[in-house]
There are 2 protein chains.
Amino acid sequence: MGRPKCFDESKVLDSAIECFWRNGLKASSIRTLAEEMGIAGPSLYNAYGNKQTLFAKALVRYADTTLRPRFLRVRDLPPLEAIRFFLFEQIEITLNDPDGKGCLFVNTTVETANGEQELSNEAIGYLNEIKDFFASNLRAAQSNGNLSPDVSVVEMSETLFVMIVGVCVYARMRPSRSELEAALAPAFKLLTAQS
Amino acid sequence: MGRPKCFDESKVLDSAIECFWRNGLKASSIRTLAEEMGIAGPSLYNAYGNKQTLFAKALVRYADTTLRPRFLRVRDLPPLEAIRFFLFEQIEITLNDPDGKGCLFVNTTVETANGEQELSNEAIGYLNEIKDFFASNLRAAQSNGNLSPDVSVVEMSETLFVMIVGVCVYARMRPSRSELEAALAPAFKLLTAQS
DNA sequence: GCAATATTTTAACGGTCGATACAAAAAACC
DNA sequence: GGTTTTTTGTATCGACCGTTAAAATATTGC
């Protein structure tokens, strides 16, 4: 019923993600968003509500298209190998990110922490999934016998978490491969030394 | 000559730092800045130029009042102890930061990376001073014999850097003491185990 | 006291912000 | 084919943005 939408809502949302990811929430105006999305302002409001709801939808889709595939990609690996691959992939993603976009969740957490709390909480929720990914895999590795039971899962998962978040900030500084590999090298050693 | 300024330029700049630190560059309007600084808009422009130059001056003063005192505070400690105290202090500062301001340099790097490049480069320069602080102290520890020459100073300094930057992002998530201490515990172990 | 200089105050500038009213357009239903 | 429903395009709204013009105010040098 009614006139059909003449654009793919998900594809256009991907363009919004790109804009928010690169420039942030406040630096992305409705006008530049609409232009980069290839639609007019009123179509944007008709399809996504307002700027805040558009951003919220962008966060959800970013999680679906960027974070969740990374979890799925390592789902069937041995737990420690899953963590190693996740960290390794972070380096490659960062180096193949010439715009220095980093991580939308990290950028959002930093930008909206003392303003748009609902958006901040949404982003933090996804970041906590990364921490949980580390923790559950470390626990599995201890069950497997691949990781010493003397290792504190809480400490190790928190450390890996702040390290990968730090790498996401690093991404915005256009780091070199050697800097990124050096930064994560001790993490790889921690994951093997105590096995 | 002329009418004297009726405010302390440094003290008022501290109020600007507080506002930028808490809310970021774009979310701090000239009007809210002027109000929080206790002066009128034109006085702000007369004293600090424009918004961008005000922010640049805020970055410099923030470095002078927040980062440099921390370096000086550990200047006379044994190098590894200096790093340990710096990390320990980061936890305490984060827990005594109820607004979740984190680090102005990290916030600025994330917010302005793809916009105001001059401000971003300024912030990155100060962050690199932190990395250099780690590297030079690690080298000194190796000269002292307090740190094994088998440890890669580059790897360790890069790791400590991404960890402390990660903690600064963590600060915006209102972390608990146990989370922060767990996150940095492996760093403390790395600094003693290989000594 | 008077001129010169610098800062404060008041008011407002043009521009952009997020958001919308309204009518034209394009499909489905009968 | 006319009605209904949704989306599109155009034009624009009031609010706020960063910034400044201009006049009033407060000091110094003479």
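Lettering follows sequence order; numbering is per chain, from 1.
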Q.
Would you say A:Asn50 places a side-chain N or O within less than 4.0 Å of OP1 or OP2 belonging to C:dG18?
A.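 Result: no.
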
Q: Could you tell me whether A:Glu36 and A:Arg31 have a side-chain N and a carboxylate O separated by less than 4.0 Å?
A: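 Not counted as a salt bridge, because no side-chain N and carboxylate O are separated by less than 4.0 Å.
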
In this structure, how many angstroms lie between the [atom2] atom of [N] and the [atom1] atom of [X], rounded?
{"X": "B:Lys51", "N": "D:dC16", "atom1": "NZ", "atom2": "C1'", "answer": "12 Å"}
{"X": "A:Phe7", "N": "D:dT6", "atom1": "CZ", "atom2": "P", "answer": "15 Å"}
{"X": "A:Lys5", "N": "D:dG9", "atom1": "NZ", "atom2": "C1'", "answer": "16 Å"}

Q: Specify whether B:Phe86 and B:Phe71 have parallel, tilted or perpendicular ring planes, treating 30° as the upper limit for parallel and 60° as the lower limit for perpendicular.
A: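 Judged by the thresholds at 30° and 60°, the geometry between B:Phe86 and B:Phe71 is parallel.
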
For [X], enumerate each residue passing the salt bridge (charged side-chain N to carboxylate O under 4.0 Å, His left out) test, keeping only those at least two apart in sequence or located in another chain.
{"X": "A:Arg68", "value": "A:Asp64"}
{"X": "A:Lys131", "value": "A:Glu158, B:Glu179"}
{"X": "A:Arg61", "value": "A:Asp14"}

Q) Sequence neighbours excluded, which residues qualify as side-chain hydrogen bond (donor to acceptor under 3.5 Å, both in side chains) partners of B:Ser29? A)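 With neighbours one apart ignored, the set is B:Thr32.
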
Pairs: protein N or O with nucleotides 25-30 of chain D N or O, under 3.5 Å:
residue: D:dT25; atom: O2; partner: B:Arg3; partner atom: NH1; Å: 3.1

Q. Considering only heavy atoms, which members of residues 18-45 of chain B lie under 4.0 Å from some atom of DNA chain C?
A.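 Those residues are B:Arg31, B:Pro42, B:Ser43.
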
(Q) Quick check on B:Glu35: does its CD atom have over 12 non-hydrogen neighbours (other residues, nucleotides or ligands) under 6.0 Å away? (A)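 Open: at most 12 neighbouring heavy atoms sit under 6.0 Å from CD of B:Glu35.
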
Q) So, A:Phe105 versus A:Tyr62, ring centres under 6.0 angstrom or not? A)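 Here the rings of A:Tyr62 and A:Phe105 have centres that are less than 6.0 Å from each other.
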
